[in-house]
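One structure is given below, encoded as structure tokens.
Scope of the values below: all heavy atoms of this structure, side chains included, with no hydrogens, waters or symmetry mates. Protein chains get the first letters and strands the later ones, always in sequence-line order, with residue 1 at the start of each.
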Amino acid sequence: MTRSDPRAPAPASESALRPDEERYPAAQIEPKWRKRWDELGLFRQDVSHAENKFYCLNMFPYPSGDLHVGHGRNYILGDTVVRQAMLRGRRVFAVMGWDAFGLPAENAAIQNKTHPEVWTLRNIQRMRQQFDAWGIGLDWSREIASCHPGYYRWTQWLFLKLYERGLAYRGKAPVNWCPSCQTVLANEQVVGAGECERCGTPVIQRELEQWFFRITEYAQRLVDDLALLTEWPEKVRVMQHNWIGRSEGAEVHWRVDGTSEELVTFTTRLDTIYGATFVVLAPNHPAVAKLTAGRADIQEFAARVARQQSDRRYDQEPEKEGIATGLSAIHPFTGAKVPIWVANYVVMGYGTGAVQCVPAHDTRDYEFAKQYALPIVPVVRATASRDEGWEMVGEDRVFVGEGVVFGSGPYDGITTEQARERMAADLAQRGQGKPTVTYRLRDWLVSRQRYWGAPIPMMYCEKDGIVPVPESDLPVMLPKDVEFKPTGESPLAAKADFVNVKCPKCGGPARRETDTLDTFVDSSWYYLRFLTPRDETKAFDSALANAWLPVDQYIGGVEHAILHLLYSRFITKVFYDMKLVSFVEPFRALFTQGMITRGGVKMSKSKKNTVAPDELIARYGTDTGRVYTLFIGPPEKDAEWSDRGVEGAYRFLNRVWRLGRSYGALVRETASAPRPVIESAAAREVRHAAHTALARVTRDFDDFHYNTAVAAMMEMVNTLIAVSQKEAAALEPGAAPSDVRWAMGEALRLLIFMLSPIAPHVGEEMWSLYGDDTQAGTIFRAPWPEVDGSALSVDTETLVVQVNGKLRARLELPTTLSAADVEREARDNPRIATLLEGRKLKKTIHVPHRLINLVVE
RNA sequence: GCCGGGAUGGCGAAAUGGUAGACGCGGGGGACUUAAAAUCCCCUGGGUCGCAAGGCCCGUGCAGGUUCGAGUCCUGCUCCCGGCACCA
């Protein structure tokens, strides 16, 4: 007999084969069930009822074309979560959309001379098929694409709303510019050592006028509300916290000696100000130009260093360099004159760009002071009880910790913490400073000089200046016939009929904004759109949103830990302030899954290390791929792809399949018969295996531990197969009813349930063939089975007997024995008895079902 | 440098403070077969004693500690991964 080919339809003679020669015929059954789910509308959700709702969302993908198994892992995980929730009676909402604007489409368009839209829509179609091939259950009637005018109209609306609220503004600022993508980037899109997130090209700085969203206004709330996100990974919360970078400190005003100018410094260590021996300005601080107008050497130095700062690769810190301005600042407490310097180690982008320098208590200032022979004045000493906070600068120790202040006039003797408070209060009283909070977070730069994005709905009128497009005129349609070569200016700028418009205010000539929106604006609100995806009257429905959101489970890659998640949180808070939603956070629980690697690196098209799902599915079936990707390891961790591992998953499914072929009929037999008295050891073993597995799987599903859930099922299947071989006669068709038959039927029924979220096609097929109530036409409408606690217990237990924690003996005892009996048995054991002889027993520790430990002197 | 997360067999990994290595991969042996494939069974951390049944010792990155008992808790390190970084 040749091996059966799972791709070929099974010949009629197949059933005549010995069960152990059969394989799970994936190609024959899997498409059938996908069609069935579609017919039943299994994943269609009527959103008018939201009780017991479960909104599960995978981050919507960029339609880049082919999906590989690495992508598959994300969606398989999400689908398993959804199906398991469905089995447990939740009203699931599972949807999919496309983050369809963006650079790759444009780059592909330039390369292949295809319009970005054509390229994008073709990819979407292809990916939709792939989702289907993986058996991902989705309500496709709610599909959205951010490049569709029906969607981006509302992205533009969002922009107008932010503009109305003063949260969108046009400003000139040094911005990150990618010379390869020919566009500006948000701070969040600059990664690694100052490289473009997309293409890896080193980013340079340019001074440009651009649109920004005032996310900094929400910095405090974005920090505070992290505390609400208890079901987010700690890692992501910390990353967001660091990114926002809140630091508490004080603003200090310094008069510049001999001028009417004032400098404002920011410090977190106001307590050390009596040790401030100089002040440093960032090279591009506005005061530098103003105060040193006549000094070409300083101007040149500042210009050179500013350029270095902006072009710098972040991999190493440059040597400290500075130049004295010859000017002095008046110390706000002592009235002393301290020199003002310009140096390369202070940046304009944080705080005020001006810093008080206390070389005795700051390593950077210390290094600089040493180099330029500036005075070092200590004003804080460590306390006797706590001598920590020393750091090394070369050979020298610098005290940067907390302690007690001295040499600080009226503040001598108080702690650094007290000093910070009192000094700030005193400064505020004199109008020379105040306590402030500074954030690392910058405003969100949303302009992009590229074609394939949502046009920014703004105009520039000669008379009225910046004028928003009236809401009723939305969408500002993206013209289709455009040259989209990157020139550093939006391709839209070259289209006269797009650019030249009438001012809605005065009717005079106006120019349209030609930049498009960052695609992260598109994705900052999409989770709200799925509820009313075709609504032409509003972006989303508040009542429905309040009923269905926040998203109960959000799933995606950790690479979005900052960008997308921060922006979405921000936009949700804006909607909250607009009273459009009643919640402040969009995603209640977040799960960040790991990547699949091959050869140790992330699977990606560019690295040519992908595994195509089509081939895998053709050879082993979708469910094999699903079982494998969930069994590969904990889903939050990266995992290395292994073709051998796939074989293992396939073997497991085949074992399940053959069990069904051999004993599936017992499921119905069991269902129609009351549970007999379970007497035989074999029946007890089967029930114990089945209910233990059910208990573990139920628990593991709740914690995303799909790898151990599969392991639990494998163990159960191993037991069933072992018992089936020992009890072959009793299990044969037509044999007399018995407790083993009943137990096997029950076990298989439970197995079908446990397996279904992970291998839904196998589950459905087995349920339809053997299930005890297949009326609804799908197992996913049947209720999840209950664990029978009595089946979990065993008759005897192997107790480990220890003396003083050392393993000494094993005892096989009935579980019905009382603790006292167990202890007597342990002490009566010959080996233990000899150990106890002549020693005094101090106490006995009895851990039920595990061990007994006798503690002796 | 700061913050977070890790480190367990040949490999991916399991272990509410209670028999470390479940489950899977790989490896070895056996059954079935003319043979192979498939399937099924047994063994598989290291060392050591024993003809054998079966023992014993060591073992979760390193050094300590708490505990009757530590992969798990505590203290101090080492290394790896991720994030941020002259952030004042």
Testing B:A13, B:G18, B:C84 for proximity to the side chain of A:Q802, the answer is B:G18

B:G26 pairs with which nucleotide, Watson-Crick or G-U wobble, both distances below 3.5 Å?
B:U44

Watson-Crick/G-U partner (both atom distances under 3.5 Å) of B:G4
B:C81

Is there a Watson-Crick or G-U wobble partner for B:U39 with both distances under 3.5 Å, and which nucleotide is it?
B:A31

A:P233: what forms a side-chain contact (heavy atoms from CB on, under 4.5 Å) with it, not counting sequence neighbours?
A:V236, A:L590, A:T592

Quick check against the 3.5 Å criterion: does A:H691 have a side-chain atom that pairs as donor or acceptor with the backbone of A:V787?
no

From CG of A:L799 over to P of B:G69, roughly how many Å is that when rounded to an integer?
20 Å

Scan the side chains in residues 338-345 of chain A for donor-acceptor partners under 3.5 Å anywhere in the protein, sequence neighbours excluded, and list what turns up.
from	atom 1	to	atom 2	distance (Å)
A:N344	OD1	A:E321	N	2.8
A:N344	ND2	A:E319	O	2.8
A:Y345	OH	A:D365	OD1	2.8

If we take the C1' atom in both B:U75 and B:G18, what is their distance in whole Å?
24 Å

Distance, rounded to the nearest Å, where A:R655 contributes CZ and B:G24 contributes C1'
11 Å

Mind checking if A:D362 touches a base, just sugar-phosphate, or nothing, with heavy atoms under 4.0 Å?
nothing

Taking the chi torsion of B:G9, is it syn (within 90° of 0) or anti (everything else)?
syn

Any A:R658 side-chain N or O less than 4.0 Å from OP1/OP2 of B:C40:
yes

Expressed as a whole number of Å, how far does the P atom of B:C25 sit from that of B:C80?
33 Å

Any A:R644 side-chain nitrogen or oxygen under 4.0 Å from OP1 or OP2 of B:G26:
yes

Which comes earlier along RNA chain B counting from the 5' end, the contact point of A:V803 or that of A:A722, where each point is its nearest nucleotide?
A:A722

Once you round it to whole Å, what is the distance between C1' of B:C23 and CZ of A:R696?
8 Å

Which value, in whole Å, describes the distance between the C1' atoms of nucleotides B:G21 and B:G26?
16 Å

Between CD1 of A:I273 and C1' of B:A88 the distance, given in whole Å, is 12 Å

Please give the distance between the C1' atoms of B:C86 and B:G82 as a whole number of Å.
22 Å

With the side chain of A:P634 defined as its heavy atoms from C-beta on, choose the nearest nucleotide among B:A13, B:A88, B:C84.
B:A13

Keeping to residues at least two apart or across chains, list the side chain to side chain donor-acceptor pair (under 3.5 Å) pairs with something in residues 717-729 of chain A.
A:R655-A:N718

Check this one for me: any side-chain N or O of A:R651 less than 4.0 Å away from OP1 or OP2 of B:A38?
no

Partners passing side chain to side chain donor-acceptor pair (under 3.5 Å) against A:R699 (at least two apart in sequence or in another chain)
none

Verdict with reasoning, A:Y372 to A:F278, per ring-ring contact (aromatic ring centres under 6.0 Å, His included)
CA-CA 11 Å; A:Y372 292 97; A:F278 56 103; 9.0 Å; no

Listed partners of A:F631 passing ring pair (Phe, Tyr, Trp, His ring centres under 6.0 Å), at least two apart
none

Out of B:U19, B:A88, B:C40, which has the shortest distance to the side chain of A:R364?
B:A88

What's the gap between B:C43 and B:U34 when it is taken at their C1' atoms, as a whole Å value?
29 Å

Check nucleotides 54-58 of chain B against the protein and report each pair of N or O atoms closer than 3.5 Å, with its distance, or say if there are none.
from	atom 1	to	atom 2	distance (Å)
B:C56	OP1	A:R831	NH2	3.1

Would one find a side-chain N or O of A:T438 under 4.0 angstrom from OP1 or OP2 of B:A88?
no

On RNA chain B, compare the nucleotides closest to A:A354 and A:I721; which residue's is nearer the 5' end?
A:I721

Show me the pairs that pass salt bridge (charged side-chain N to carboxylate O under 4.0 Å, His left out) and involve residues 625-634 of chain A, at least two apart or across chains.
A:D79-A:R626

Only counting residues at least two apart or in another chain, list the ones meeting ring pair (Phe, Tyr, Trp, His ring centres under 6.0 Å) with A:W657.
A:Y24

Whole-Å gap separating P (B:A37) and CD (A:E647)
13 Å

Separation of B:A88 atom C1' from A:Y439 atom OH, nearest Å, is 17 Å

Taking B:A53 as the reference, what is the distance to B:G59 when you measure between their P atoms (whole Å, please)?
26 Å

Can you list, by residue number, the residues of residues 706-720 of chain A that have a non-hydrogen atom closer than 4.0 angstrom to RNA chain B?
A:N707, A:T708, A:A711, A:M714, A:E715, A:N718

Any-strand Watson-Crick or G-U partner of B:G59, both distances under 3.5 Å:
none

Say you draw a straight line from CG of A:L751 to CE of A:M713; how long is it, rounded to the nearest 0.5 Å?
7.5 Å

What's A:V280 touching, base or sugar-phosphate or nothing? Going by heavy atoms closer than 4.0 Å.
nothing

Between C1' of B:A88 and CE of A:M348, the distance in whole Å:
13 Å

Can you tell if the side chain of A:T844 reaches within under 4.5 Å of the side chain of A:V855, non-hydrogen atoms only?
no

All ring pair (Phe, Tyr, Trp, His ring centres under 6.0 Å) counterparts of A:F591, not counting sequence neighbours
A:F704

Could you work out the separation of B:A20 and B:G45 based on their C1' atoms and round it to a whole Å?
10 Å

Could you list all N or O pairs between the protein and nucleotides 3-12 of chain B that sit under 3.5 Å apart?
from	atom 1	to	atom 2	distance (Å)
B:G12	O2'	A:I632	O	2.7

Integer angstrom distance from the P of B:G65 to that of B:G27:
44 Å

So do A:M595 and A:M603 actually touch side chain to side chain, heavy atoms under 4.5 Å?
no

I need the CG-P distance between A:D365 and B:C87, as an integer number of Å.
10 Å

Residues that A:H331 engages under ring pair (Phe, Tyr, Trp, His ring centres under 6.0 Å), provided they are two or more places apart
A:W254, A:Y274

Paired with B:A70 by Watson-Crick or G-U wobble geometry, both distances under 3.5 Å: which nucleotide is it?
none

Which base, if any, makes a Watson-Crick or G-U wobble pair with B:G17, both distances under 3.5 Å?
none

Could you pull out the closest heavy-atom pair between A:G245 and A:Y350, with the gap in Å?
O-OH, 4.3 Å

